[in-house]
Structures are given as C-alpha cells and as structure tokens.
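Down below is the structure, laid out as structure tokens.
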There are 2 protein chains.
Amino acid sequence: MQTTPADTAHTAPADICSAPPRSHPRPDGEDRYTISEVVAFTGLTAHTLRWYERIGLMPHVDRSHTGQRRYSNRDLDWLDFVTKLRLTGMPVADMVRYAELVREGESTYGERKDLLESTRRDVLTRIAELRDTLAVLDTKISFYATEGITR
Amino acid sequence: MQTTPADTAHTAPADICSAPPRSHPRPDGEDRYTISEVVAFTGLTAHTLRWYERIGLMPHVDRSHTGQRRYSNRDLDWLDFVTKLRLTGMPVADMVRYAELVREGESTYGERKDLLESTRRDVLTRIAELRDTLAVLDTKISFYATEGITR
DNA sequence: TATGACCTTGGAGTGCACTCCAAGCAAGCG
DNA sequence: CGCTTGCTTGGAGTGCACTCCAAGGTCATA
C-alpha cells in the first residue's frame, strides 16, 4: 500500500506526489469519509467508486471495524487526479496500470513519467484537434448567422 | 488516387454550407467513389460507413445501377465534417439530429446554428479542462523528473 | 468465362465504462 | 426496540459506437 514511510507532515506523499493545492473537506486526522460523502465531494457515483476499487484503480481504501469504506484525504486527492486523467480520454486500463506502478514504489518513477509524458502528448494532440474543429464550427456558425439574416 | 487541386468553386451547397478548403481526390463529375476508396480517404471502416448510412447520418449516398454505393465529393466533405464533430465528443445521436435538420432545408438554419453554437461551447469547455489537466501532468512529470534524478 | 477481390444485407457480437440488482448487514434516532 | 436510511457483495444488465458474420451478388482481369 504505502510505498514510503515519508510521514512528512503529510503534504508530500510520494504515492500521490506533487499534491494539488486542493483543500480538503476536513483536516487530516478526521478524514474518514463514508462513500456517500465521497460521492458528494467528487461527483462520482458510489457504484463507480466501488468499481474503481474492484478493478485496482484505488490504493487500498481503509475500512471501519464493520467493513464499511472510510476514505482519506489522500484518497480524495487520488480521485481528483484520476478524474483529470479520465477527461483526457485515457482508458481506464491505462490508469490501472499507473495505479499499479504507484503501488510498486519509487522504482517505477521512470515508467510513471513516461506514461504521463505520453498522456501529455495525447492531450496536446487533442487540444490541437479541438482547435481545428473550432475553426470549422466558427465558419459554419457565421455562415448560418449571415444566411439566416439575409434570407 | 492523387489529390488533384480540383475546381473547388463548385457552388457552395446549401446542404453542406460553407465548404471546407479541402481538395478532393477527383474533380466533380468523376466523383463516384467506391466504399473502399472512401475508406482509404477518410480512415473510417466500411462497416462504419454503412452504419452511418443506416442510422441516418449520411445524406443519401448514390448507388450504381447494381446497387453498390458511389460516394460523391460532397459526401466526402460531409464525412470530414462528421469526423470533426465526432472528435468533439458529440454523441452520434446529436449528429443524426443535425443531419435531419440539413435534410429539412434552409428553414432549419436557426436551429442548426444553435446546435453548432452549443457544440462550440462544449469544445471550449473541453479545451479548458484539457489545459487544466496539462498543468497537473506537468507538475507530476517535473516531480518525477527531479526525484528520478536526485535519488 | 473463370477466378478472386470487392460489395451487398440484416442481424448478431464486442469492448468499454459504467450502472443496477437482490439480499442482507450496519448506523443513527425516537 | 423498531424504523429508516445507508452500506456491503458478486454478478448481471445497459448504452454507446462500432465491428463482425454468413450468404450471396458484382466487377475487373487473365
């Protein structure tokens, strides 16, 4: 689960690395959120959260003494990141691969970097495609605007 | 199959509107492409081309006397546009709706414009999201880069 | 004219990413 | 204690966008 003892005032978990400037709903120590709280925070459904866990996309969510899920601030950060990756169009299988690398520890830094750089290139390509499409849309919209007026 | 400059003058068709500056494989008059030619031009599969037609996403593809499809330059333009819409993430159902509006004629200019403007907003949103993700990726990549070196 | 590559159809199958279900246990409140 | 709402599970179902299949007809070339 945890790859580094690095209990460094929490703010720099090597698992998650370079934590986002996101503020958490509750401070560390009281971060034992139920699944429905996480649903409210992330916008994901409970189904999806359980499914993410089942397919290995979550780094081992803690449980209450009766077996109910208790999510941490770190889990929330991870879900934020996963959500970002999701909207790049990255397949879930690739995100699972990344999660595996995280579980394997620091020795996979290189491979993780490669994966992220490849994703970065994809994002750049996608942005370029979207820009291109935007130009086409603008042309057509202005056509409809002028024709709609002149007729 | 060379991309001949082609006399793009070819009367701006109201169906397609604001023709793209694309050059066609063959000039108008000789534009009766088989499905496999269109596969080569567009990168779509023959299956997908037939499926597009079945669901009403194509504006009536011409047929040879024996019933085989013969695509025109105009069909190619339409497919180009559809492909652009596709990569904005627009659902096929919405593209079919647009195709229906085109079939209904000039009276639907307003609605077509609305649809395209809504798509335009979606594209802008998506670009913003991707930029956001890019920032996260860059932070992580540079983390891996420096940590990968210093350890 | 024969051969083989290409084209036709309706309908069934695939892969992805969820999404839902049933049956049962858990938690908080009056 | 009973009630309601919430959480658990494995497995089945859904919706989208293709993707493929079988069985047969067509076309170009030798």
Side-chain angles (χ1 to χ4, degrees), chain A residues 25 30-58 60-72 75 78-79 81-100 119 122 126 129, chain B residues 1 25 30-58 60-72 75 78-79 81-99 119 122 126 129:
Chain A
E30 283 122 77
D31 54 339
R32 290 178 60 74
Y33 312 107
T34 65
I35 199 165
S36 59
E37 284 177 305
V38 177
V39 164
F41 299 149
T42 63
L44 297 165
T45 71
H47 295 303
T48 301
L49 287 170
R50 294 193 195 100
W51 180 66
Y52 277 1
E53 206 174 324
R54 223 191 305 175
I55 64 175
L57 191 48
M58 288 298 299
H60 240 133
V61 176
D62 199 18
R63 299 293 179 122
S64 73
H65 68 105
T66 51
Q68 298 196 350
R69 287 170 183 81
R70 294 293 178 261
Y71 291 85
S72 68
D75 293 331
W78 174 256
L79 283 170
F81 178 54
V82 160
T83 300
K84 287 247 177 293
L85 288 186
R86 274 275 304 115
L87 65 80
T88 68
M90 182 189 266
V92 168
D94 289 1
M95 300 194 295
V96 170
R97 174 75 190 128
Y98 185 84
E100 277 165 6
T119 304
D122 292 346
R126 186 136 230 85
E129 286 172 340
Chain B
M1 47 173 115
E30 282 123 78
D31 54 339
R32 290 178 60 75
Y33 311 108
T34 65
I35 199 165
S36 60
E37 284 177 304
V38 177
V39 164
F41 300 149
T42 63
L44 297 165
T45 71
H47 295 302
T48 301
L49 288 170
R50 293 193 195 101
W51 180 66
Y52 277 1
E53 205 174 325
R54 224 191 304 175
I55 64 175
L57 191 48
M58 289 299 298
H60 232 138
V61 175
D62 199 18
R63 300 291 179 122
S64 74
H65 67 107
T66 52
Q68 298 197 349
R69 288 171 182 80
R70 293 293 178 262
Y71 291 85
S72 66
D75 293 330
W78 174 255
L79 284 168
F81 178 55
V82 160
T83 300
K84 287 245 178 293
L85 288 186
R86 274 277 305 115
L87 67 78
T88 69
M90 182 189 265
V92 168
D94 289 2
M95 299 194 295
V96 170
R97 173 75 189 127
Y98 185 84
T119 304
D122 292 346
R126 185 135 228 86
E129 287 173 340

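In the text below, chain A, chain B and the rest are named by the order of the sequence lines, each starting its count at 1.
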For a quick check under 3.5 Å, do Thr119(A) and Asp122(A) share a side-chain donor-acceptor pair by atom type? no
Should Val92(A) and Ile55(A) count as side-chain neighbours, where that means a heavy-atom distance under 4.5 Å? yes
With a cut-off of less than 4.0 Å, is there a side-chain N or O of Thr48(B) near OP1 or OP2 of dA17(D)? no
Side-chain N,O (His65(A)) to OP1/OP2 (dA27(C)) below 4.0 Å: yes
Separation of dT19(D) atom C1' from Leu49(B) atom CG, nearest Å, is 13 Å
Please state how far atom CD1 in Ile55(A) lies from atom P in dG11(D), giving the value in whole angstrom units. 17 Å
Which of parallel (below 30°), tilted (30 to 60°) and perpendicular (above 60°) describes Tyr98(A) and Trp78(A)? parallel
Heavy-atom distance under 4.5 Å between the side chains of Leu44(A) and Tyr52(A), does that happen here? yes
Answer yes or no: does a side-chain N or O of Tyr52(B) lie under 4.0 Å from OP1 or OP2 of dA17(D)? no
If you look at every strand shown and take non-hydrogen atoms under 4.0 Å, does Arg69(B) touch a base, only sugar-phosphate, or nothing? sugar-phosphate
dC7(D), OP1 or OP2 - any side-chain N/O from Ser36(A) closer than 4.0 Å? yes
How many Å lie between CD on Glu37(A) and P on dA27(C), as a whole number? 14 Å
Comparing Pro91(A) and Gly67(B) on DNA chain C - which has the more 5′ nearest nucleotide: Gly67(B)
Rounded to the nearest Å, what distance is computed from the CG atom of residue Asp94(A) to the C1' atom of nucleotide dA17(C)? 14 Å
Round to a whole Å and report the spacing from CG of Leu44(B) to C1' of dC20(D). 17 Å
Give the nucleotide from the list dA17(C), dC7(C), dA17(D) with an atom nearest to the side chain of Val92(B). dA17(D)
What is the distance from NE2 of His47(B) to P of dA12(C), rounded to the nearest Å? 17 Å
Closest-nucleotide ordering on DNA chain D, the 5'-leading residue of Met95(B) and Arg50(B): Met95(B)
Expressed in angstrom and rounded to an integer, what is the separation of Met90(B) atom CE from dA17(D) atom P? 11 Å
Is the shortest side-chain N/O distance from Thr66(A) to OP1 or OP2 of dA27(C) below 4.0 Å? yes
Quick check: do Arg63(B) and Arg70(B) have side-chain heavy atoms less than 4.5 Å from each other? no
Any donor-acceptor N/O pair, Glu37(A) side chain to Thr34(A) backbone, under 3.5 Å: yes
Identify whether any heavy atom of Arg86(B) sits under 4.0 Å from a base atom; if not, whether one sits that close to sugar-phosphate; answer base, sugar-phosphate or nothing. sugar-phosphate
What's the CD-C1' distance between Glu53(A) and dT9(D), to the nearest Å? 12 Å
Nearest to the Gln68(A) side chain among dG6(D), dC7(C), dA17(D), which nucleotide is it? dG6(D)
Hey, is the side chain of Arg54(B) pairing donor to acceptor with the base of dG11(C) inside 3.5 Å? yes
Scan Arg63(B) against the nucleic acid and name what it touches under 4.0 Å (heavy atoms): base, sugar-phosphate only, or nothing. sugar-phosphate
